[in-house]
J.: 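Before I ask anything, here is the structure I am working with.
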Amino acid sequence: MIATELRARDYAIGQPIAAVEHGLVRAHALASLGGLVVAAIFGLLVAVKFSLPEFLGQHDALSWGRLRMNHTQGVFFGFLGNAALAFAYYASPRLLGLPVSSRRLGWFLFFLWNFGIVLPGWSLVSAGILQPLEWAEFPPVVDAAVILAVACGAVQFLWPTFHLRVDRLYISSWYLVGGFTFTALAYPMGNVAPLYYPGSQGAAFSGLWIHDAVGLYASPMALAAIYYIIPAVTRRPIFSHFLSLLGFWLLFFVYPLNGMHHYLLTPLPMDAQLGAIVASAYMGVNVVLVVTNLLLSVRGGTQMVAKDISLRFIVTSVILYLLAGVQGALMALLPLNRLTHFSDWVVGHSHLALLGFAGFAALGAISHVWQHTPGVRYSRRAMAWAYWLALFGLLFMVVDLTAVGLIQAHLWNLDVPWMTSVAESRPYWALRAASGAMLVAAFVCFGCGLLTGSEYRQRVMDSHSLDLEADLVVPVERPASPDFRHPAHGALVAVALSCFVAGVVFFVFSIVVLGILPSRHVAAEIRDTTPAAWRPRTAAEERGREVYARQGCAYCHTQQVRAVAADVRRFGPATENWETREDAPHMWGTRRIGPDLAREGGRRPDDWQRVHLYNPRWVEPGSVMPGYPWLFNGGPDQPTAEATDLVAYLQWLGRPRQERDLDAAEVTRAGGARHKRLMGGTAMEEIASTTDGTVPGLDLSMVEGDLQAGAGLFGQRCSGCHGMAGRGDGKAASSLMPHPADLSAARFSSRRLADVLWNGVPGTAMPRFRDIPLRDLRAIASHVATLRPAPAAISEKREPARDEDEYGSAEGAVVFRVRCAVCHGAEGRGDGPAAARLRRPPADFSQKQPGSERVRAVLLHGVPGTAMTPMQQNLSERDREALVLFVRSLFEDGPRGKHVP
Amino acid sequence: MMTTLITILTFILVAIIALWAVWPRLRDLIEQPKYDVLKQIREYEDEPGETKPPPP
């Protein structure tokens with residue numbers, strides 16, 4: 001039918017106009033608005049949780065990770081997808097002079113998109129049924145619906161297009177054709193390949209998709225609307241159709257090659273990374289070209305931009321496209337990428353691109369479409385309010401995120417504690433939430449603009465723009481009588497068709513060059529470099545990995561140490577490909593709110609991890625990480641199987657690398673075994689990054705101000721476990737085994753304090769604090785030294801007389817030699833014959849002087865979680881009292897061993 | 001590989017621009033759709049048949 005109609009005319013000029021499916025336009029526009037508001041609320045909740053981490057934190061459906069996934073997928077499908085379809089139903093008949101293929105198919109597509117993709121996708125993600133892939137979180141069952149929907153869209157909109165001569169296609173039609181075609185190609189690649197290709201191989205495909213999602217789906221739909229609305233409102237042709245076509249083909253040829261710039265300085269092949277950098281620069285040039293053409297198309301139309309709300313959205317979108325495009329190209333350059341990658345700068349950039357460019361274009365399209373749809377009310381005033389709120393909200397957010405991104409990058413390079421960057425970011429995150437609230441208000445206002453008001457669709461000639469018509473309407477001067485026999489026509493058709501075929505081939509080629517070839521290269525490298533002792537993850541570790549993925553941990557914690565000095569200094573040696581050989585899908589991540597976890601295994605004991613998962617602020621008071629209480633049965637010492645598995649996975653992270661490097665270190669370096677014992681699973685990292693176990697000397701003679709600073713630092717870093725008074729009764733204490741030390745029950749030498757702060761206590765939750773400046777370590781140590789009251793103030797029970805003291809000490813030495821020396825050593829230095837086999841080293845009494853009550857308590861009850869057993873049955877009270885005196889006499893406060901200033 | 005690819009792309013781009021620059025008739029044909037579509041858009045937007053008052 002359509003074909004017959006088309007044969008009667010080469011193109012549609014002068015023919016009766018084709019029907020527009022206004023019902024579908026309205027339905028998709030309203031669905032788009034709903035998707036936008038809901039997705040924006042998800043985003044606002046995500047932003048609020050940075051300031052209030054426990055807000056709505058009792059259920060996993062509302063956890064930070066799930067909300068973040070639903071935010072991005074909601075924007076992608078709910079908002080932009082519906083907006084693109086609304087625009088396509090409105091514009092396609094106008095562009096082609098032909099109706100869409102089928103109204104029935106249209107309604108099927110509407111219900112499929114919204115009730116087969118958007119709503120089920122959100123529900124399944126909330127329930128934890130998802131893919132842990134950035135911008136591809138909806139699970140495979142929804143992916144199938146997406147592919148079906150894109151196929152339906154292609155039939156609906158591309159079928160009429162194929163009936164028109166390609167040389168007659170306007171640029172908006174080209175973008176619609178390109179958008180549907182390349183989305184159909186890119187979506188399966190981005191959603192399926194990373195599920196099966198592990199680690200760095202999968203990351204290569206993910207990088208392709210992350211960029212294709214913007215470049216081949218959002219950008220074409222936005223540009224189709226922009227190229228339509230500018231001439232529709234200004235009522236004159238665009239500046240250059242040639243430049244438009246050039247921009248179109250450059251977009252589809254170059255954009256797929258950008259993908260790997262998300263994973264620069266990783267172990268992926270450097271050739272591919274450098275190619276992505278060049279392609280990104282190319283893309284920046286293309287954006288400048290496209291924007292120049294578009295801005296020239298609205299030249300002289302300033303009044304119209306001010307009066308027509310849809311054109312205002314569109315022109316703003318074009319300007320923001322320029323900013324985002326140039327910024328994106330610059331971010332791919334290594335010096336800037338090295339600095340800003342993983343920081344909030346990138347989040348600002350993605351908001352600039354997705355909301356600023358694509359979002360504003362979509363809002364402009366909906367606004368225009370709605371005002372030209374018969375039988376609907378609208379309010380231009382409400383839409384104008386929405387525009388200003390959205391513009392200021394967005395700019396506020398982007399400036400804020402860019403600024404905090406630079407601060408984070410600076411602090412990460414200074415090697416200050418990670419928590420410093422978190423603390424410095426918090427005010428900016430609060431501002432970001434405020435800007436998010438402005439955006440939600442803008443979108444609600446926009447909804448009011450669509451659903452309320454007294455205006456309705458009128459003929460353009462009668463509308464508000466009538467007074468501008470005389471100035472702006474340019475008569476169509478070109479004769480619409482093309483000579484199809486002219487050879488230029490044939491050349492144009494040939495070029496257009498060649499470009500289309502070449503574009504598809506080029507897309508496939510980009511997958512080969514940036515996905516398949518790097519993947520093969522990486523696979524060969526993995527075969528050659530995997531250590532012989534490699535062991536696969538256990539079933540528990542594998543299940544833990546699934547929990548990690550489901551909770552969205554990868555959105556805040558990367559698992560890739562890049563070949564960047566700041567990364568290596570902070571996290572250890574750069575990631576190698578073989579380390580990721582079983583990570584399908586990969587968990588590399590693209591953002592660091594928390595530190596990288598590629599080397600997390602063995603850093604801290606299981607009980608610390610459990611407490612941290614239950615409530616991170618119990619052990620890291622300044623943390624913004626959400627708690628995961630639903631993984632526990634009421635407390636951190638009652639983990640569910642999922643929590644146990646997750647901790648097992650966390651302890652696995654980096655272990656193969658540590659084991660391989662330890663093997664190498666033992667061959668090449670004497671003393672490696674000692675380090676292994678001292679440092680637990682992190683021995684290699686210590687060998688690589690520190691001077692062989694040397695601890696800094698800490699001068700405890702601090703002035704008052706430093707002591708105050710020490711108290712503050714102790715409150716921030718130590719009180720979660722040790723309690724504010726240092727009695728070992730912090731919030732996390734009851735869940736840690738062995739329990740945190742009661743710092744008020746013993747005196748410590750400065751050397752002991754330095755050693756514990758610098759090296760941690762192996763086998764306990766006490767971490768090393770090497771990320772804290774020495775000045776602060778001294779302040780903390782000085783504060784700890786004040787926690788033990790002065791001897792005169794201690795009411796010691798049964799303090800012996802001097803004679804008894806000397807006698808007891810001598811008798812205690814005998815008892816100590818018999819009962820204690822095997823672990824603690826003959827001189828109580830914690831170096832007895834059995835010490836090397838104990839997970840937690842025995843106490844060194846030359847550096848730690850426990851109070852008498854503490855010694856008595858330990859002798860009676862032992863130290864839970866250590867090899868120190870109760871000795872009530874083995875020792876008489878007299879022997880125990882003698883031991884109390886002897887143990888306390890061993891203390892020698894002073895330098896012994898290697899100190900550094 | 002990527003460098004070769006981008007070099008080829010650049011050559012194609014230069015060839016297309018050269019073709020456009022030296023062939024005036026081709027330029028006219030390439031620009032034609034922007035006039036055609038404007039006529040078409042005007043036909044739709046000025047079409048009185050689509051205008052009706054809002055429901056009460």
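Naming convention: chains lettered A, B, ... in sequence-line order (proteins, then strands); numbering from 1 in each chain. The model shown is predicted, which means the values in this text are computed figures rather than measured ones.
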J.: Suppose we screen for ring-ring contact (aromatic ring centres under 6.0 Å, His included). Which residues come up paired with A:Tyr282, at least two apart in sequence or across chains?
T.: none
J.: What is the distance from atom CD1 of A:Ile238 to atom OH of B:Tyr35, rounded to the nearest 0.5 Å?
T.: 9.5 Å
J.: What part of A:Leu250 is in contact with chain B, defined as an atom under 4.5 angstrom from a non-hydrogen atom: side chain, backbone, both or neither?
T.: side chain
J.: Can you tell me if A:Arg235 uses its side chain to pair, donor with acceptor, with the backbone of B:Arg42 under 3.5 Å?
T.: no
J.: How long is the gap from OG on A:Ser244 to CD1 on B:Ile30, to the nearest 0.5 Å?
T.: 11.0 Å
J.: Would you confirm whether B:Glu31, through its side chain, and A:Ser240, through its main-chain N or O, come within 3.5 Å as a donor-acceptor pair?
T.: no
J.: If every non-hydrogen atom of A:Arg168 is compared with every non-hydrogen atom of B:Pro33, which pair is closest and at what distance?
T.: O-CB, 3.8 Å
J.: Judged by atom type as modelled, is there a donor-acceptor pair below 3.5 Å linking the side chain of B:Lys34 to the main-chain atoms of A:Tyr170?
T.: no
J.: Using 0.5 Å steps for rounding, measure from the CG atom of A:Leu246 to the CG atom of B:Leu13.
T.: 5.0 Å
J.: Who are the side-chain contact (heavy atoms from CB on, under 4.5 Å) partners of A:Ile516, not counting sequence neighbours?
T.: A:Phe205, A:Ile511, A:Val512, A:Arg520
J.: Could you tell me which non-hydrogen atom of A:Pro93 sits nearest to which non-hydrogen atom of B:Gln40, and how far apart they are?
T.: O-NE2, 4.0 Å
J.: Is the closest side-chain heavy-atom distance between B:Ile17 and A:Phe242 below 4.5 Å?
T.: yes
J.: Atom CZ of A:Arg94 and atom CG of B:Leu38: how far apart are they, to the nearest 0.5 Å?
T.: 13.0 Å
